[in-house]
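Data block below; observations after.
From a predicted model like this one, the values you see are computed outputs, not experimental measurements. Sequence lines set the chain letters: A, B, ... in the order given, protein chains first and strands last, and positions in each chain run from 1.
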Amino acid sequence: MIAQATTIDAYKLMHEGVLALAQVEANGMKIDLNYLDNALKENSKKIAVLSEEIKSDKVVKVWKKRFGTKTNLDSGDQLGKVLFDSLGYECKEKTDKGKPKTDIGSLETLDIPFVKKYLYLKKLKKAQATYLKGIKRETCNGFLHPVFNLHIAQTFRSSSDSPNFQNLPIRDPMMAELIRRCFIPRKGGRIVETDYSGIEVHAAAWYHKDPVMLSYICDPSKDMHRDMAAQCYKLSTKQVTKLIRYCGKNKFVFPQFYGDWYLSCAPALWSSIDQLKLETAKGTPLKEHLAKKGIYDLGSLNPKVSPVKGTFVHHIMEVQEDFWGRRFKIYTDWKNDWWESYRRTGKFQTLTGFEISGWMKRNEVINYPVQGVAFHCLLWSLINLQKQLKKYKMKTKIVGQIHDSIVSDVPDKEFKDYLEISNEVMTKKIVKHWPWIITPLEVEAEASPVDGSWFEKKAIKVA
DNA sequence: TACTTCGGCGCC
DNA sequence: AAAGGGCGCCGAAGTA
């Protein structure tokens, strides 16, 4: 795949982007070294205790019998042999190389007490090896300077390394606290994070201009994720809880946008019901509710067997057909036209002025321009926000960037100004610069208390 | 010892 | 017609 800037504007974006990110790297983020050292110690103790505890588990005893002195609880190969060979559990999924899968999804279907303890231990080890040690290793004079690349991602996104600033835990509250408490503002400041809300959905709409999607984006009373969650679980929109909406968004809508299909969405939506103990707003368990609607089982996941009516797979297949065939028909037409145009010419052009050519798969051809342009909005904003900070001689420092968000270290005195300037750049100036932005951009802001850690960030009103 | 590939898992 | 887009880092296991 080859990519090239075709306009002065596109070239400038990369040039200024690299310089702006170099400044971000130089700024760096302050690290609470006392906390970090203590966390390393305490977490390592926890790992030791749990490792000892797990030795009395039946599974580990079998493990030791089989592998003796070669026993290694970090070996997925060994775990597979213990569970699916020695203990005779049924192996439902294989890796690409044909070995038994031993990831969370596969293990959770086994329903044995060992799994819970084992996965928890693995989580603590991940926190220790990748995050705490990674931060410690790269911290210099109390500051961490992660690298931000613009020359790696195929899609024209950025990437980050040494350490990767863009994959720090946040969804798991325990992990999030353990890791994010390392990050603190300079004295008298706050960590402030400003995010574009739904920027990739907007970016896609700038290409396809589907009127139904545009009305979802522009009309605040409408809510696509709520509606799709309702349809997937056969609920009225009033019965959709926050958690159910979350599942609709992350197990159906986004995967569908990325090119996924019902045979993989259906089991994800189905297993979420038990894993998250989903209930309707009235408190009816979701499986019970679905049973009332005539759906009792997931149904076959065999792609060669056509889905049986009355199964969840069949239902989600119909939801998918409705989603692309009726609801977002214009979006579908755009995807087909875009793909056909690439097939004719071997290339396509992003809204930001980059030409991308070479051999690509269909999903790549459809996703790259969207993902790239969404990030370019963030990059343009970062460049121009930094210019503003310099112009007004502010002490605020941009310290990081996570695809659709900007992280800054903001002296409390500049807090209000910073929010205002951010909002101005991210939602108003950018629209004047790029006229193809035809949807109203919105920014969500979160901030830590003064001298509080990144973990303590809370949503705040912006503008 | 150094390097590669794989499986796994963290994020958008 | 095909069938999940993009990253970085870890340890295990195999190879040079």
Task: Side-chain heavy atoms of Val192(A) within contact of Tyr418(A), under 4.5 Å - done: yes
TODO: For the helix from dT1(B)-dA16(C) to dC12(B)-dG5(C), figure out the bend between the end axes, five pairs an end, and round to 10 degrees.
DONE: 0°
- [ ] In whole angstrom, give the distance that lies between atom CE of Met175(A) and atom P of dC10(C).
- [x] 14 Å
Establish, from distance only, whether the side-chain atoms of [X] and [Y] form a donor-acceptor pair under 3.5 Å.
{"X": "Asp322(A)", "Y": "Gln231(A)", "value": "yes"}
{"X": "Asn336(A)", "Y": "Arg362(A)", "value": "yes"}
{"X": "Asn149(A)", "Y": "Asp161(A)", "value": "yes"}
{"X": "Ser381(A)", "Y": "Tyr196(A)", "value": "yes"}
{"X": "Arg327(A)", "Y": "Tyr216(A)", "value": "yes"}
{"X": "His225(A)", "Y": "Asn250(A)", "value": "no"}
{"X": "Ser405(A)", "Y": "Glu193(A)", "value": "yes"}

Just the atom pairs and distances: protein N or O near nucleotides 13-16 of chain C's N or O, under 3.5 Å.
from: dA13(C); atom 1: OP1; to: Ser75(A); atom 2: OG; distance (Å): 2.7

Pick base, sugar-phosphate or nothing for [X], based on heavy-atom distances below 4.0 Å to the nucleic acid.
{"X": "Lys125(A)", "value": "nothing"}
{"X": "Ile170(A)", "value": "sugar-phosphate"}
{"X": "Leu263(A)", "value": "nothing"}

Task: Partner of Phe156(A) by side-chain contact (heavy atoms from CB on, under 4.5 Å), out of Phe354(A), Tyr368(A), Phe375(A) - done: Phe354(A)
Open item on the list: Please encode protein proximity along nucleotides 2-9 of chain C as a string of B, S and -, counting only heavy-atom distances under 4.0 Å.
Closed with: -BBBBSBS
- [ ] Describe, in one word, how the ring planes of Trp63(A) and Tyr118(A) are oriented to each other, choosing from parallel (under 30°), tilted (30 to 60°) and perpendicular (over 60°).
- [x] tilted
TODO: Describe, in one word, how the ring planes of Trp206(A) and Trp436(A) are oriented to each other, choosing from parallel (under 30°), tilted (30 to 60°) and perpendicular (over 60°).
DONE: tilted
Task: First and last nucleotide of DNA chain B, 5' to 3', lying under 4.0 Å from heavy atoms of chain A - done: dC6(B) to dC12(B)
Task: Residue list, ring-ring contact (aromatic ring centres under 6.0 Å, His included) with Tyr331(A), at least two apart or on another chain - done: His208(A), Phe257(A), Trp324(A)
TODO: Can you run down the salt bridge (Lys or Arg N to Asp or Glu O under 4.0 Å) pairs that involve residues 436-447 of chain A, sequence neighbours left out, and say none if there aren't any?
DONE: Glu446(A)-Lys457(A)
